[in-house]
Number of protein chains: 2
Amino acid sequence: MANSSIRNPTSFDVARLAGVSRSAVSRVFTPGGTVSEETREKVTKAASELGYRVNSLARGLQQRHSGIVGLVASRLDTPLRSRQVRQLSEALIREGFKPMLITAEKPDDVSTLIESLLGYRVAGMILTSDSPTRALIEDCKRQGLPVVLVNRAGVSNWGDRVVADNETGGRLAAQLLIDSGAQRLGCLLPRRGTYSVSGRCDAFLATAERLGIAVKVIHAEDQSYADARAGIVDAGRDALGHVDGLFCATDLMAIGALDALRLDLGMSIPDEIQVLGFDDIEQASWASYNLSTIRQDIKHQSEIVVRLLIERIADGTLASRVEQQPLSPVLRGTTRHVG
Amino acid sequence: MANSSIRNPTSFDVARLAGVSRSAVSRVFTPGGTVSEETREKVTKAASELGYRVNSLARGLQQRHSGIVGLVASRLDTPLRSRQVRQLSEALIREGFKPMLITAEKPDDVSTLIESLLGYRVAGMILTSDSPTRALIEDCKRQGLPVVLVNRAGVSNWGDRVVADNETGGRLAAQLLIDSGAQRLGCLLPRRGTYSVSGRCDAFLATAERLGIAVKVIHAEDQSYADARAGIVDAGRDALGHVDGLFCATDLMAIGALDALRLDLGMSIPDEIQVLGFDDIEQASWASYNLSTIRQDIKHQSEIVVRLLIERIADGTLASRVEQQPLSPVLRGTTRHVG
DNA sequence: GTGAAAGCGCTAACAC
DNA sequence: GTGTTAGCGCTTTCAC
């Protein structure tokens, strides 16, 4: 009770107790600080005695940034995104930053929110996929604020980007289905795709066309399990009757499709139709699905993102960079193995 | 380029342009501020002209807290947790707070991390389930820092708590299986349970005992899908042969169990054995599982959490409170319906 | 209702 | 190496 009214000790208190100046205290708590072993000890002792802790607010006021990084993500409760956020958060923390999480679905809110982040003098911002409006990125540019875009189209040539190699991904997918004996391909994708979703599907379609193979495109309302399932059910056996190799834009959609195919339409997989997803979310490996897919290495991705961010914070004049993260096929039970 | 060297406008700049004092500017941007309509207009105009934005760091330095709330969560990439974090984050933001996300698996790290949060003069902290050590909460107590615990045991009588009604939950589960005709119960739980997981299983076991029904307890190494599946497989048909109603501590475990039962052991559900989960994660409703479960309303939960937090920030002398969130059975295909 | 002045707690130059 | 000084940008008495 009375406890809460006790003022937190300041560097001044520590300085007095240790018999040194406040600058000395500051130096001890500053990573590159140059202090004699003797003062360092005195200060450390006094500090721990008092329970002193640097006030990051005051420190941030002095330096160029507060050590906070804005982490913007929509659909956080989705398997891929939650994994991304976890890895990004851990990577940021490991490097001494503190992630401020902005979750918002409507672009309008997001803009206001990010506005308010700027008030905290964030060191930079990480924007995942479908989150932010263009205007917002323009804003960051105006502020000279470091930005890393994850699986997202670039805007105004501002910020670094980490993207999956959609070109290769889509090609890989087509190749894989064809090599497994598929003759008539299908592609399930959301009506309004995000950068990476559309990118990989485009590459898939282009590859098929190049090889002279027809592709039946099936639309789902959105990227959710339910929409994917509904999309397949709506298309129905007729439309699918000819398709024997279905590429789905994401694993989540593939799982919806799988349930629709097997349970709603009574088809057998991979005998009647092979199914291939993208991402390798955890659920893809669950025994009931055992989904073949193309994996994005999210941990690796996060590390690249944070590295780029740190480099840019250190040097804002760097040219805009784009890094591609590798993809790897994961063959499970929804495709036919060859050899 | 040169852009980034331009200083952000301060309240001083706005004051000068508007021809008023800095205090006037401050008042305009302070929620309860008392200013004449005339100055308000002048200030607002000048501010937007200059692109002025309050510096939250400086503001936080002045006030009791920075408006940041620590949000501590482990296993963020798990369905239930990611939903919780999303809802909590959105609720906090709606109330004008900014969530700082701390994800860490090892308790040691967490303590250091939270330590560092204190340096940001956070308004309070939300600790989910298995995250933090006792020592940490003692720390918060010492600081007089508002804390809300989610589905977690209390410590030192500090902080408010929001918990599922485990007592009712466990009883409901037992009742439900028995009412659906189960005669020999089983209970799948992790070797080291968290507060809520252990709580509901204990209540389940107690209820069964009271009714004179034997329960076969099956242990999984941990709460994951894989561990649950392995737990069931290891137990094998023999141990399970007698069980015709299995309660699993979480949906994730139930799904692992389901796959083990059906795919590894070749049992048919719900005919040979009924399965009941807990939480109602999204995957429980996926057609391949169609899992009967007991739902926690996460959205509602988050709203309670944030309300408690706000109340306590407003008045730190409140007595410690515990709120229970309601549970509701969701009957799907893994139990036999009656009537 | 408004302005002047006094901090909030820290770091970064600059002399020593 | 260490201390002195001058801010960082804001809010908050306190007179007016």
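Please read all numbers here as calculations on a predicted model, not as lab measurements. Proteins come first, then strands; the chains are lettered A, B, ... in the order of their sequence lines, and each starts at number 1.
Residue-level contact check: S11(B) touches the backbone only, with heavy atoms under 4.0 Å from sugar-phosphate atoms and none from bases. Across all strands shown, S23(B) has heavy atoms under 4.0 Å from base atoms, whether or not it also approaches the sugar-phosphate. Looking at heavy-atom distances under 4.0 Å, V54(A) makes contact with sugar-phosphate atoms alone, never a base.
Judged by distance alone, with hydrogens and angles left aside, R27(A) brings a side-chain donor or acceptor within reach of the base of dG3(D), the pair sitting under 3.5 Å.
Side-chain nitrogen and oxygen atoms of Q63(A) include at least one within less than 4.0 Å of the OP1 or OP2 phosphate oxygen of dA12(C). Of the side-chain N and O atoms in T39(A), one or more sit less than 4.0 angstrom from OP1 or OP2 of dT2(D). Using a 4.0 Å cut-off, no side-chain N or O of Q62(A) falls inside it from OP1 or OP2 of dA6(D). For the pair Y52(A) and dC10(C), the criterion of a side-chain N or O lying under 4.0 Å from OP1 or OP2 is met.
One side chain, N151(B) or Q296(B), offers a donor N or O that lies under 3.5 Å from an acceptor on the other.
For N55(B), taking side-chain heavy atoms from C-beta onward, the closest of the listed nucleotides dG9(D), dG9(C), dG1(C) is dG9(D). Comparing atom distances between the S21(A) side chain and each of dG1(D), dT4(D), dG9(D) picks out dT4(D) as nearest. Distances from the side chain of T34(B) to the nucleotides dG1(C), dC10(D), dG9(C) place dG1(C) closest.
Note on R86(A) versus E105(B): salt bridge recorded, some NZ/NE/NH1/NH2 to OD/OE distance being below 4.0 Å. Here E41(A) does not pair with K45(A) in a salt bridge; the nearest charged N to carboxylate O distance is not below 4.0 Å. Between K299(B) and E90(B) no salt bridge is recorded (no basic side-chain N to carboxylate O distance below 4.0 Å). Under 4.0 Å is where a charged nitrogen must lie from a carboxylate oxygen, and between R307(B) and E311(B) at least one such pair does.
If you take CZ of F29(A) and P of dC10(C), they are 9 Å apart, rounded to a whole angstrom. Atoms OH (Y120(A)) and C1' (dC8(D)) sit 17 Å apart, rounded to a whole Å. In this entry the distance linking CG of L61(B) with P of dG9(C) reads 7 Å, nearest Å. Between the CG atom of L57(B) and the P atom of dG9(D) there is a distance of 11 Å, given to the nearest Å. To the nearest angstrom, P of dG7(D) lies 20 Å from CZ of R64(A). Per the geometry, CZ belonging to F12(A) stands 13 Å off P belonging to dG3(D), to the nearest Å. Rounded to whole Å, atom P of dA4(C) lies 14 Å from atom CZ of R16(B). In this structure, the CG atom of L118(A) is 14 Å from the P atom of dC10(D), given to the nearest Å.
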